[in-house]
S.K.: 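Mind having a look at this structure? Questions to follow.
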Amino acid sequence: MIRIGYVGVNTLLPSASRTFRIANYSEQRMLETASNNIHALRDILGWNLEHEITLFRITSDLIPYGSHPINSGVWKTALRGELSAVGRFAKAHGMRVSMHPGQYTVLNSPNESFYQNALRDLDYHNSVLTLMGVDRSHKVIVHGGGAYGDKPESTRRLVERILSLPSEIRERLALENDERVFNAEEVLSVCKQVRLPGVFDVFHHEVLPSFPGKQARETIAMFGETWRSERQKIHYSNQDPIRSKGAHSDTIDEQAFCDFYAGIRGLDLDIMLETKDKQASVLKLRRLIPELE
DNA sequence: GCCGGTCAAGGTCTT
DNA sequence: AAGACCTTGACCGGC
């Protein structure tokens, strides 16, 4: 069974990513905005339930400045009940949620300060999911980080940093190939070394290829081994025809997806679609391929 | 008031 | 040294 989902916001509903300028920061404003965002998230999941969509990525902006030093972390206690409630809803309906720190969270940075920032950010993302009460199959997905002109050393540092993470954070982590630095082959190698699941991003793999000669199904199968007893997840998107290389398209290209799907049909897989039109691409592919969940 | 254009946090890589 | 990358919404200037 192949299940598809979408990322971050629903274009038909109020956003769960509301924020404000850091110059206007106050604890009260942070808590109000965060509470509103959590309720907006609940409404998005409700919409998803009505449309039988059970795969969703929660925005990193759910708690404004959630991992910034300006934020005391009081939201972890103040909003415990609201996070728990939305998590109960997700669990009750068999939903799988995830989070994805941005490209600026760099775990393998040689800069100690940036490393500490990354640790805070991973703690933030893990805390949201933990307070929701969802287990470690609901992942926090990160990229490998930078190369710093020395890939072997940067990779070694990445491995070391992952292994030294607090276990509750490490056990929720998955690694994803990016389009500039860590390709699929390198990410898979790190995943095996540190025993973490790997998220294969189909589009990044097209922009920054590896595994020459291997078909998508083979590569997905190799990544699948890293998931052990958990359900495998991959990312899928297309190149925007106008914007720069690596930019996501507005919507999923039906022909491209059909060609891709022909090679993976029959697998057990969660596929996150990354497009500007969000939920619309999920509904579009469902119409095109009714057997998709 | 509304509209459209610009900026924001975060760090790395490329030009 | 400066711009690109990414993201959506906040914010600001001009009507």
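Just so we're on the same page: letters track the sequence lines, and every chain starts at 1.
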S.K.: Reading DNA chain C 5' to 3', what string of ( ), [ ], | and . shows its pairs, if Watson-Crick and G-U wobble pairs count only when both distances fall under 3.5 Å?
M.R.: |||||.|||||||||

S.K.: Could you tell me whether the side chains of A/Arg29 and A/Thr33 share a donor-acceptor contact shorter than 3.5 Å?
M.R.: no

S.K.: Which listed nucleotide (C/dG9, C/dA10, B/dC13) is nearest to the side chain of A/Ser17?
M.R.: C/dG9

S.K.: What's the closest nucleotide to the side chain of A/Ser15 if the choices are C/dG9, C/dA10, B/dT12?
M.R.: C/dG9

S.K.: Just how far, in rounded Å, is C1' of B/dT12 from CD of A/Glu179?
M.R.: 12 Å

S.K.: Using side-chain heavy atoms (C-beta onward) and a distance below 4.5 Å, is A/Phe89 in contact with A/Arg42?
M.R.: yes

S.K.: Please confirm whether the shortest side-chain N or O distance from A/Ser60 to OP1 or OP2 of C/dT7 is below 4.0 Å.
M.R.: no

S.K.: Let me know the distance between CE of A/Met30 and P of C/dA10, rounded to the nearest Å.
M.R.: 17 Å

S.K.: If we take the P atom in both C/dA2 and B/dC7, what is their distance in whole Å?
M.R.: 15 Å

S.K.: Consider only side-chain N and O atoms of A/Ser154 and A/Asn108, and report whether a donor and an acceptor are under 3.5 Å apart.
M.R.: no

S.K.: Is there a donor in the side chain of A/Ser137 and an acceptor in the side chain of A/Asp135, or the other way round, less than 3.5 Å apart?
M.R.: yes

S.K.: Indicate, with a heavy-atom threshold strictly under 4.0 Å, whether A/Asn117 touches base, sugar-phosphate, or nothing.
M.R.: sugar-phosphate

S.K.: Quick one: A/Arg29 CZ to C/dC11 C1', roughly how many Å, whole number?
M.R.: 10 Å

S.K.: Looking just at side-chain N and O atoms, do A/Glu186 and A/Thr155 make a donor-acceptor pair shorter than 3.5 Å?
M.R.: no

S.K.: A quick test of your reading: do over 12 heavy atoms of other residues, nucleotides or ligands sit less than 6.0 Å from CZ of A/Arg96?
M.R.: yes

S.K.: Is it true that A/Arg3 and A/Thr54 share a donor-acceptor pair across their side chains at a distance under 3.5 Å?
M.R.: yes

S.K.: Respond yes when some side-chain nitrogen or oxygen of A/Asn24 is under 4.0 Å from OP1 or OP2 of C/dC11, and no when none is.
M.R.: yes

S.K.: Tell me the interatomic distance from A/His204, atom NE2, to C/dC5, atom P, rounded to whole angstroms.
M.R.: 13 Å

S.K.: Mind calculating the distance between CG (A/Leu13) and P (C/dG9) to the nearest angstrom?
M.R.: 12 Å

S.K.: Reckon A/Thr105 touches a base, only the sugar-phosphate, or nothing at all at heavy-atom distances under 4.0 Å?
M.R.: nothing

S.K.: With nearest nucleotides of DNA chain C determined for A/Gln103 and A/Thr19 from heavy-atom distances, which residue corresponds to the more 5′ nucleotide?
M.R.: A/Gln103

S.K.: State which of C/dC11, B/dA9, B/dC13 makes the closest approach to the side chain of A/Arg180.
M.R.: B/dC13

S.K.: On the six-membered ring of A/Phe257, is A/Lys284 placed so that its NZ or CZ lies under 6.0 angstrom from the centre and within 45° of the ring axis?
M.R.: no

S.K.: Go through the steps for A/Glu274 and A/Tyr236 under the test side chain to side chain contact (heavy atoms under 4.5 Å, CB included), then give the verdict.
M.R.: CA-CA 6 Å; A/Glu274 299 176 314; A/Tyr236 184 90; over 6 Å; no

S.K.: Heavy atoms within less than 4.0 Å of DNA chain B: which residues of residues 272-285 of chain A have one? Give them sorted by number.
M.R.: none

S.K.: So, using side-chain contact (heavy atoms from CB on, under 4.5 Å) as the criterion, who are the partners of A/Glu160 when residues are at least two apart?
M.R.: A/Arg156

S.K.: Applying side chain to side chain donor-acceptor pair (under 3.5 Å), can you list everything that pairs with A/Tyr261, at least two apart in sequence or on another chain?
M.R.: A/Glu291

S.K.: Write down the distance between CZ (A/Phe203) and P (C/dC5), rounded to a whole number of angstrom.
M.R.: 12 Å

S.K.: Quick check on contacts: within residues 140-163 of chain A, what sits under 4.0 Å from DNA chain C by heavy-atom distance?
M.R.: none

S.K.: In whole angstroms, how far is the P atom of C/dG9 from the OH atom of A/Tyr65?
M.R.: 14 Å

S.K.: Check whether the side chain of A/Arg21 and the base of B/dA8 form a donor-acceptor pair under 3.5 Å.
M.R.: no

S.K.: Among residues at least two apart in sequence or on other chains, which ones pass side chain to side chain donor-acceptor pair (under 3.5 Å) with A/Tyr6?
M.R.: A/Asn10, A/Asn48

S.K.: Could you work out the separation of B/dC3 and C/dC6 based on their C1' atoms and round it to a whole Å?
M.R.: 25 Å

S.K.: Between A/Ile63 (CD1) and C/dG9 (C1'), how many Å, whole number?
M.R.: 17 Å

S.K.: Pairing donors with acceptors under 3.5 angstrom, does anything connect the side chains of A/Thr19 and A/Asp61?
M.R.: no

